[in-house]
Amino acid sequence: MNTHSPARRRGLTALLALGVTATASLAAPGAAVARDAPGATAPSPSISWGPCPRESNPPGHPPSPKARCATVKVPLDWSKPKGKKIGLFVARYPASKPAQRIGVLMSNPGGPGAPGADDALYADDPYDGYGPAIRERFDMVGFDPRGTGRSGGARCDESILDKIPARPRDAAEFQRLRTLNGRLAQSCLRRTGPLVAHMDGESVARDMDAIRAALGERRISFIGHSYGTYLGERYARLFPDRLRALALDSAMDPDRPSAERTLMDGSVSLNNTLERLAAWCVRDASCALRGKDLAAVTDTLFARADAGTLRDPGSTGPTRRKVSADQLSDFLSAALSGWSPEGTARQLAALHTGKGKVNWTSSAGDPVARLVLCRDEDYRIRDYAHYRAIRDRVAKAAPHVRYNAQALDFVLACQGWPVPPKPRPARARGELPPVLVVNATDDMATPLAGARRMARSFPNASLYTVDTVDHWLYSLPEPRRRIDAYLLGRTD
């Protein structure tokens, strides 16, 4: 899921940038009836700071010596605030100019199911940390969400993953996928315990407020990236009066989209990127398919795969290994997400001519991500016929790629999951600050359509779009400048 620095960039995917231009727009107000925050509350936990673990992530790259660490105790089940407690690993990087300190900036780098304390442990990392202005004015606070990293990492029998059909081809395989997904969930319960039913976004948002209370802060600022934007939306829904600022980078759809909408949004975004690649190929002399219609070439490759005549290319010509349409879609999903136009065009040319090399990819399951995702989203599909109907409609809307592999992986991962999705919490009374949402025009992990819905979900939000193929935009200079200016400029 993360191909950038482990200190910071742990979003749904990490993509590489194209050229950048940007526009900003004011999102339409979102109508919502305010109600009191639901759910029980627990007494404010205490916090005692001490030295942080010195293990390197990655090896040879130790955390900042300025960071301090602690464990905050929270209820396992927030509906039973006096019940069993679990520990959350929390890290803090103190503001370097205490006299000018604004407050706490809490963060989450994404996932789902990824640790987040590294945001504070590596806050001054020269490559992947925060800029001096942010570090001067804020205490940076990161935490490993419940069940991840050093907060009691969930454990499952990962050997089951290899047996799950990645792309079910008939009703029998679809049923086998469901059965094995259920078996995987049961293995998580056996090896981890009851925590597996309480790793949802609402519980994590309540954990965030417990951390705020332990810090003694009346309000916090929050920056969320990728899946972290979902946590930010949940916190805003539950505790609007406790937010000073809310910046959401590469935003998820907050409206609990169906399996079809999730797959449709991601696949259309991927198809748009294929068309972007085709336009680049017309302009750039380095394109291996220069002079050809790259999109039409790709369509022909799918037709050959459907007919069983597409072969894996070799150094002197086609090999005997057949390439399926699903393999082709999976390849395009990975290649276009990384946005390396020369390399992608070269591999498509290899498939077209039969000579060259293709870097094939395969689906890699993450059981911890399922424990989170399948509680937060409702991707349930009735049966194989329903699944095929969704696939057909998506392929019609995204003809050059047929589907987005990451979105399909997420949807399939939740089929047969025995713990049902958790109901969306009611919106609490309170006044939110203006919200900043930032998203790329072409983002296969968090498509622009979902970011627009995220912005519309708030009474007052601005959506800043960046004309690029990318994800986790805080790594780019102009989006970072915009986000930092917003965080620093908000007044109490």
Side-chain angles (χ1 to χ4, degrees), residues 1-2 4 7-14 27 88 90-91 103-120 123 128 130 134 138 140-146 148 199-209 211-212 219-240 242-255 369 372-373 376-377 432-440 443 445-447 450-455 457-458 461-464 470-476 479-480 482-484 486-487 490:
M1 288 188 186
N2 171 39
H4 201 55
R8 294 279 293 118
R9 197 169 180 176
R10 299 180 186 274
L12 283 165
T13 54
L88 301 177
V90 183
V104 162
L105 176 57
M106 195 179 294
S107 63
N108 182 276
D118 284 358
D119 278 13
D128 239 359
Y130 293 91
I134 293 292
F138 289 102
M140 309 301 305
V141 174
F143 65 102
D144 289 354
R146 50 175 55 214
T148 71
M199 290 174 60
D200 55 278
E202 179 187 342
S203 295
V204 175
R206 294 187 183 280
D207 292 345
M208 290 163 55
D209 199 59
I211 295 170
R212 175 206 58 78
R219 293 198 292 175
I220 60 170
S221 299
F222 181 81
I223 179 171
H225 312 272
S226 195
Y227 176 76
T229 65
Y230 184 91
L231 299 179
E233 189 274 341
R234 282 295 181 263
Y235 190 85
R237 176 174 285 272
L238 293 166
F239 308 107
R242 297 171 190 173
L243 274 170
R244 172 192 167 272
L246 179 61
L248 304 176
D249 167 19
S250 304
M252 289 187 67
D253 188 333
D255 293 338
V372 178
L373 195 71
D376 285 339
E377 306 290 3
L432 275 169
V435 177
L436 177 63
V437 181
V438 177
N439 219 84
D443 183 337
T446 53
R452 287 177 173 143
R453 296 182 194 111
M454 176 68 86
S457 73
F458 298 107
S462 58
L463 173 62
Y464 172 69
D470 209 348
H471 180 69
W472 221 98
L473 297 186
Y474 196 70
S475 61
L476 303 180
R480 176 183 287 241
R482 292 271 184 143
I483 293 171
D484 286 356
Y486 162 78
L487 291 170
R490 286 288 308 138

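Excluded from the calculations below are hydrogen atoms, water molecules and symmetry mates; all remaining heavy atoms, backbone and side chain alike, are included. Along the sequence shown, residues carry numbers from 1. Keep in mind the model is a prediction, meaning the values are calculated, not measured.
Residues P433 and P240 come closest through the heavy atom pair CD-O, 4.3 Å. When all heavy atoms of A455 and A461 are compared, the pair lying nearest together is O-CB, 3.5 Å. Taking all atoms of both residues into account, the shortest heavy-atom contact from A120 to G142 is CB-N, 3.6 Å. Across every non-hydrogen atom of L476 and P479, the tightest pair is O-CD, 3.4 Å. Scanning both residues, E202 and L238, for their nearest heavy atoms gives CG-CD1, 3.9 Å. Summarising the geometry of P145 relative to A114, their closest heavy-atom pair is CD-O, 3.6 Å, with the distance given to 0.1 Å.
Taking OH of Y230 as the start and CE of M252 as the end, the distance is 7.5 Å to the nearest 0.5 Å. The line from CE of M208 to CG of L88 is 11.5 Å long, rounded to the nearest 0.5 Å. Between the CZ atom of R237 and the CG atom of L432 there is a distance of 10.5 Å, given to the nearest 0.5 Å. The OG atom of S107 sits 5.5 Å away from the CE atom of M140 when rounded to the nearest 0.5 Å. Between the CG atom of D128 and the OG atom of S475 there is a distance of 7.5 Å, given to the nearest 0.5 Å. Rounded to the nearest 0.5 angstrom, R212 CZ and D207 CG are separated by 13.0 Å.
Residues Y486 and S462 are not in side-chain contact: their nearest non-hydrogen atoms beyond the backbone lie 4.5 Å or more apart. Contact annotation: the side chain of Y235 never approaches that of N108 to less than 4.5 Å [non-hydrogen atoms, C-beta and beyond]. At least one side-chain heavy atom of L487 sits less than 4.5 Å from a side-chain heavy atom of L105. Using a 4.5 Å heavy-atom threshold, the side chains of F143 and V204 count as touching. Contact annotation: the side chain of R244 approaches that of S221 to within less than 4.5 Å [non-hydrogen atoms, C-beta and beyond].
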Under the side-chain contact (heavy atoms from CB on, under 4.5 Å) rule, what do M454 and L248 come out as? Steps first, then yes or no, please.
CA-CA 9 Å; M454 176 68 86; L248 304 176; 3.9 Å; yes

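A donor-acceptor contact shorter than 3.5 Å links the side chain of S250 to the backbone of W472. The backbone N or O of A251 sits less than 3.5 Å from a side-chain atom of N439, completing a donor-acceptor pair. Proximity of a side-chain donor or acceptor of D443 to a complementary backbone N or O of T446 within less than 3.5 Å is detected.
Between the side chains of Y474 and D484, at least one donor-acceptor pair of N or O atoms lies under 3.5 Å.
Residues satisfying the salt bridge (Lys or Arg N to Asp or Glu O under 4.0 Å) criterion with D376, sequence neighbours excluded, are absent altogether. In terms of the salt bridge (Lys or Arg N to Asp or Glu O under 4.0 Å) criterion, residue partners of R453 (sequence neighbours excluded) are, by chain and number, D253, D265.
Among the candidates L246, L463, I223, I483, the single residue satisfying the side chain to side chain contact (heavy atoms under 4.5 Å, CB included) test with L436 is I483.
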